[in-house]
Amino acid sequence: MKTAISPTRAEDYPEWYQQVIKAAELAEVSPVRGCMIIKPWGFAIWENIQRVLDDQLKATGHKNLYFPLLIPASFLEQESEHIDGFAKECAVVTHTRLAKNEEGKLVPASPLEEPYIIRPTSETIIGEAYSRWIQSYRDLPLLMNQWANVMRWEMRTRMFLRTTEFLWQEGHTAHATEAEAREETLKILDLYERFVEDYLAVPVIKGEKTASERFPGAANTYCLEAMMQDKKALQAGTSHYLGHNFSRAFNIKFLNSKGSEEFAYTTSWGVSTRLIGGLIMTHSDDNGLIVPPKLAPIHVVILPIAHKEEQRAEILAYCEKIADELRHIQYFNRNLSVEIDQRELTGGEKAWSWVKKGVPIRIEIGKKECDANAVFLGRRDKEYKDRLQLDLRQFLATVTIQLDEIQSNLFNRARDFQQQNTIKIECEADFYEYFTESDGGFALAHWNGDPAIEAKIKQDLNVTIRCIPFESQPEEGQCIFSGGKSSQRVVFAKAY
């Protein structure tokens, strides 16, 4: 069967992913190594992610601010685990200007007294500010968030999933007690879980990272893990309880109600444009991108098809009437977004271009639809040929119901796929066979907590412990690698 995307997922999944991005006009490779240019369609999806998440974070009391892109190198040195974790990924600014050399080429001139790091994350510079902003228990909790770009010098890059520069939000909070800080960390993880499942329609497993997988400088890192269609895991969000690690490093102290000085407890958390990569790999098919309706830049595209020039004005007027009525319908706190495609292309060319972009609903309007006061409807969650004529009034009355059905269908498909490719493994031999003889998936297995075993599995199979899941019931057992005692199964998988 001919498909719009070549190669197909089954033929070459990594290349299929790149071709979906190209066909949907989401992004392209930039002249800057490892970076991407996010095109309007991709950025519109990010804007919708940003809009919803921003509203949700503000509803929980968080305020937005912005910190500089450049961080003094000395700030990173103040938290040893943090600098060790990010040292190899740092991009460093060492000069203030360019000058021409003897050959007429521009070269760095005027060295800085202290180098700056282009932010890989902002715990250090925000910690320095918090040490000045927080004096008393009355200043707490401090609940801040920023929407920003960051840079991490990645060796192997892939658009949206792992790029040298990417966009994200990073929350940073400070609290008077450990209990409040831990509550904040898990509250944000729950918020992320609801957002990813309800809006991206991506089912996730929620849990804690092992010590070797923690954010550098964190006491605990909690995460969401999603399964992509190639059965690899993708980390879809993290929330970190930092304890006193950064408050001690940056002297974030406050006077408590009894007049005694204490260190504040801090947290940090974030999601990034990686979510778009997860959306692509969870839902899209061999005909291109599929966008969940709640995040779609356009909900309905109208395709006027005039076989005769004298029909064009009537057909366009009918399309405008439909568009106007649709734009007055609310769907998840915004009016439906509608576009009429008047490009001089054949009906098939128009339709397929929007299929590849993943628009939830397409309606084709020709003379027959005008005469019948109807629409010819196609949905992105169904096969291209699965289209039908629908009375206009019926379509307008059910359009939000159909969008909800698409959203639910996408989530249910992804959840079923995850469940079908998650297994329990009871011995080491079966574990090695699962990750060498098959495409793998999520393996639930007992592990005794030994980091040496964890490191060996990563070296042998490129498999990591994705999380210690919250929902898993305590289950006494034996580590399948050592025979030692284990109180709970953990999630193993290959990952992006």
Side-chain angles (χ1 to χ4, degrees), residues 53-68 71-86 119-148 168-193 206-209 211 214-223 237-271 468 470:
L53 258 182
D54 195 60
D55 287 346
Q56 292 182 354
L57 291 172
K58 286 173 179 172
T60 56
H62 298 84
K63 292 181 170 62
N64 286 342
L65 44 52
Y66 186 81
F67 274 79
I71 300 173
S74 59
F75 282 22
L76 270 73
E77 293 170 355
Q78 289 177 242
E79 213 295 322
S80 58
E81 285 187 43
H82 195 64
I83 186 60
D84 289 344
F86 282 106
R119 74 172 152 236
T121 180
S122 299
E123 280 75 9
T124 56
I125 194 168
I126 290 177
E128 186 277 334
Y130 280 12
S131 71
R132 293 182 283 105
W133 296 355
I134 297 169
Q135 302 297 323
S136 161
Y137 71 94
R138 295 184 180 88
D139 299 324
L140 298 171
L142 199 60
L143 309 176
M144 300 295 172
N145 175 66
Q146 78 167 347
W147 293 91
W168 76 349
Q169 58 77 212
E170 50 177 320
H172 298 270
T173 70
H175 305 264
T177 68
E178 177 181 351
E180 287 178 11
R182 288 191 176 277
E183 181 184 0
E184 164 79 5
T185 310
L186 296 177
K187 179 197 294 183
I188 294 299
L189 191 71
D190 289 343
L191 185 152
Y192 285 161
E193 177 191 31
K206 185 168 57 173
E208 181 177 0
K209 288 290 189 185
R214 280 180 199 144
F215 176 75
N220 303 91
T221 288
Y222 303 100
C223 64
T238 51
S239 186
H240 316 290
Y241 168 66
L242 305 177
H244 282 156
N245 292 346
F246 284 87
S247 57
R248 288 186 185 278
F250 290 93
N251 207 34
I252 308 172
K253 293 179 178 180
F254 67 97
L255 288 177
N256 63 26
S257 59
K258 297 178 181 178
S260 301
E261 196 171 58
E262 293 184 37
F263 284 106
Y265 296 85
T266 65
T267 80
S268 67
W269 27 269
V271 296
I468 304 165
F470 288 163

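These numbers come from a predicted model, not from an experiment.
- Across all non-hydrogen atoms, the minimal contact from Tyr137 to Asn256 is CD2-C, 3.5 Å.
- Counting heavy atoms from C-beta on, the side chains of Leu191 and Lys187 never come closer than 4.5 Å.
- A donor-acceptor contact shorter than 3.5 Å links the side chain of Tyr130 to the backbone of His172.
- Nearest heavy atom pair, residue Tyr265 against residue Thr177, reads CD1-C, 3.4 Å.
- With His82 contributing its side chain and Gly217 its backbone, the two residues share no donor-acceptor pair below 3.5 Å.
- Here the straight-line distance linking atom CD of Gln56 with atom OH of Tyr192 works out to 10.5 Å at 0.5 Å rounding.
- What you find for Phe246 and Pro216 is that their closest heavy atoms are CZ-O, 4.0 Å.
- Asp54 pairs by the side-chain hydrogen bond (donor to acceptor under 3.5 Å, both in side chains) definition with Lys58, Asn64, Trp147, not counting sequence neighbours.
- Listed by first and then second residue, the salt bridge (Lys or Arg N to Asp or Glu O under 4.0 Å) pairs involving residues 124-136 are Glu128-Arg132 (not counting sequence neighbours).
- Side-chain atoms of Asn245 and Glu79 include no donor-acceptor pair closer than 3.5 Å.
- Taking both residues in full, the closest heavy atoms of Leu255 and Gly259 are given as CD2-O, 3.5 Å, listed atom of the first, atom of the second, then distance.
- A donor-acceptor pair is defined here as one N or O able to donate and one able to accept, closer than 3.5 Å; no such pair exists between the side chain of Arg119 and the backbone of Ala148.
- From Leu76, atom CG reaches atom CD1 of Ile125 across 10.0 Å, with rounding to the nearest 0.5 Å.
- Two residues are said to be in side-chain contact when any heavy atoms from C-beta on lie closer than 4.5 Å; Glu193 and Asp190 meet this criterion.
- Annotation: the span from Arg248 atom CZ to Gln78 atom CD amounts to 15.0 Å, rounded to 0.5 Å.
- When all heavy atoms are compared, the tightest approach of Ser268 to Leu242 is OG-CD1, 3.8 Å.
- With contacts defined as side-chain heavy-atom distances shorter than 4.5 Å, the pair Thr121/Phe86 qualifies.
- Between the side chain of Glu170 and the backbone N or O of Gly270 there is no donor-acceptor pair closer than 3.5 Å.
- Between the side chain of Thr124 and the main chain of Phe75, no donor-acceptor pair closer than 3.5 Å is present.
- Val271 places a side-chain heavy atom less than 4.5 Å from the side chain of Gln169.
- Side-chain atoms of Tyr222 and Trp269, non-hydrogen and from C-beta on, never get closer than 4.5 Å to each other.
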From CA spacing to verdict: side chain to side chain contact (heavy atoms under 4.5 Å, CB included), Phe254, Leu140
CA-CA 9 Å; Phe254 67 97; Leu140 298 171; 3.7 Å; yes
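- Between Leu142 and Thr266 there is no side-chain heavy-atom pair separated by less than 4.5 Å.
- Between Ser122 and Gln146 there is a side-chain heavy-atom pair separated by less than 4.5 Å.
- Without hydrogens or angle criteria, Ser247 side chain to Ala264 main chain gives a donor-acceptor distance under 3.5 Å.
- Note that CZ of Phe470 and SG of Cys223 are 8.0 Å apart. Values are rounded to the nearest 0.5 Å.
- With 3.5 Å as the limit, one finds a donor-acceptor pair spanning the side chains of Thr173 and Thr267.
- The two residues Leu189 and Gly207 come nearest to each other via the heavy atoms CD2-O, 4.5 Å.
- Side-chain contact between Phe250 and Glu123: absent, with no pair of heavy atoms (C-beta onward) separated by less than 4.5 Å.
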